[in-house]
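Structure, as structure tokens:
Below, read A as the first sequence line, B as the second, and so on, with proteins coming before strands; counting in each chain starts at 1. As the structure is a prediction and not an experimental result, all values here were calculated from the model. For the numbers below, each heavy atom of this structure counts, side chains included, while hydrogens, waters and symmetry mates do not.
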Amino acid sequence: MSYRILIVDDSSTIRAMIKRTITMAEIPVEAFFEAPDGRQGLQVLTEESVDLVLADLNMPEMNGVEMTREMREDPALAGIPVVVVSAEPDVHKLEALKKENIRGYIRKPFTPEGVRDLLTRILPPAVKAA
Amino acid sequence: MLETESQLLVETLAEALETTAFVALMPGEPGAPAPAELRIVSIEFTRSDKAALELAAPRAFGQMLSANILGVEPDDEAAITGADDVLKEVVNITCGNLLMRLAQDTDESPKMSLPKINIPTDEQAWASFAHSPGAFVLDADGHTIAIRVKQSLKDEG
């Protein structure tokens, strides 16, 4: 079984890089969805079934934490795991992410190995890659 | 910036370039000619004061980074259109990691803005950047670039 992954980042290059990194990490993917900010990310989530959200923190319109809060308030979206991918400098803010139901953090710049190790721990066990 | 902070700035940029785009950084010539189609990317941040990290680089450098990241040729349309975007991301990553390292073992909560890109029209922009206090001129796989931290910006808010 393959995953359906939403990538939310205001940089189109980073979205492409994340897709490439996940592919290089040999994580099976059925579909990638993309959004340039949290607002449009939420829109995608209302239209598509998604197994995992990878979201930047520092974005225009709606940042990753705000998007996660809105997801948590919607029973249909609350169970989708969110992983933050960011270069956030404030360690206190990163620590506070645990309270926001964020399941993991990938620091930019990242390597395929780092992405693979985190995602295989977080993705639903029933469909985890062999 | 202190000498150790300046060293950290260059190390952090080198790490960002190597990990994201497989590009190696070497010392450059401060007197190098102005790169064509210069971009100056800046990101404001706040520690004890408001400051900005700035990168001066030719558009072709962004194009090369974009090509390496996407796994395409530098003249590919995706690399061309992604050139400015990837320069902003390199500055974002460098600034985030630099601030995190500087704030390590302190109570600091550094904040940074979104990166902005400027295409200077002044022919002296490169020389003025490269020779400004605290600027480092570097060679990144054949492209001349420069980086600096501009201290104590006045708060416009």
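- Summarising the local packing, CZ of Arg39(A) is surrounded by 12 or fewer heavy atoms from other residues, nucleotides or ligands at distances under 6.0 Å.
- Using a 4.5 Å cut-off between heavy atoms, Asn68(B) contacts chain A through its backbone alone, with no side-chain atom that close.
- Ranked by heavy-atom pairs under 4.5 Å with chain B, the first of Lys19(A), Arg107(A), Lys93(A) is Arg107(A).
- For a residue to count as touching a neighbouring chain, one of its non-hydrogen atoms must lie under 4.5 Å from one of that chain's; by this rule Thr81(B) does not touch chain A.
- In this structure, chain A has no heavy atom under 4.5 Å from any part of Thr12(B).
- Salt bridge annotation for Arg15(A)-Asp56(A): absent, with no cationic side-chain nitrogen under 4.0 angstrom from a carboxylate oxygen.
- Under the 4.5 Å side-chain heavy-atom criterion for Ile, Leu, Val, Met, Phe, Trp and Tyr, Phe32(A) and Ile106(A) are members of the same hydrophobic cluster.
- Note: Gly71(B) leads Gly71(B), Ala78(B), Ser66(B), Ala16(B) in heavy-atom pairs under 4.5 Å with chain A.
- Residue Arg101(B) forms a salt bridge (Lys or Arg N to Asp or Glu O under 4.0 Å) with just one option from Glu5(B), Glu108(B), Glu15(B), and that option is Glu15(B).
- When the candidates Asp107(B), Ile93(B), Val90(B) are compared by the number of heavy-atom contacts under 4.5 Å with chain A, Ile93(B) comes out ahead.
- Note on Arg116(A) versus Glu26(A): no salt bridge recorded, every NZ/NE/NH1/NH2 to OD/OE distance being 4.0 Å or above.
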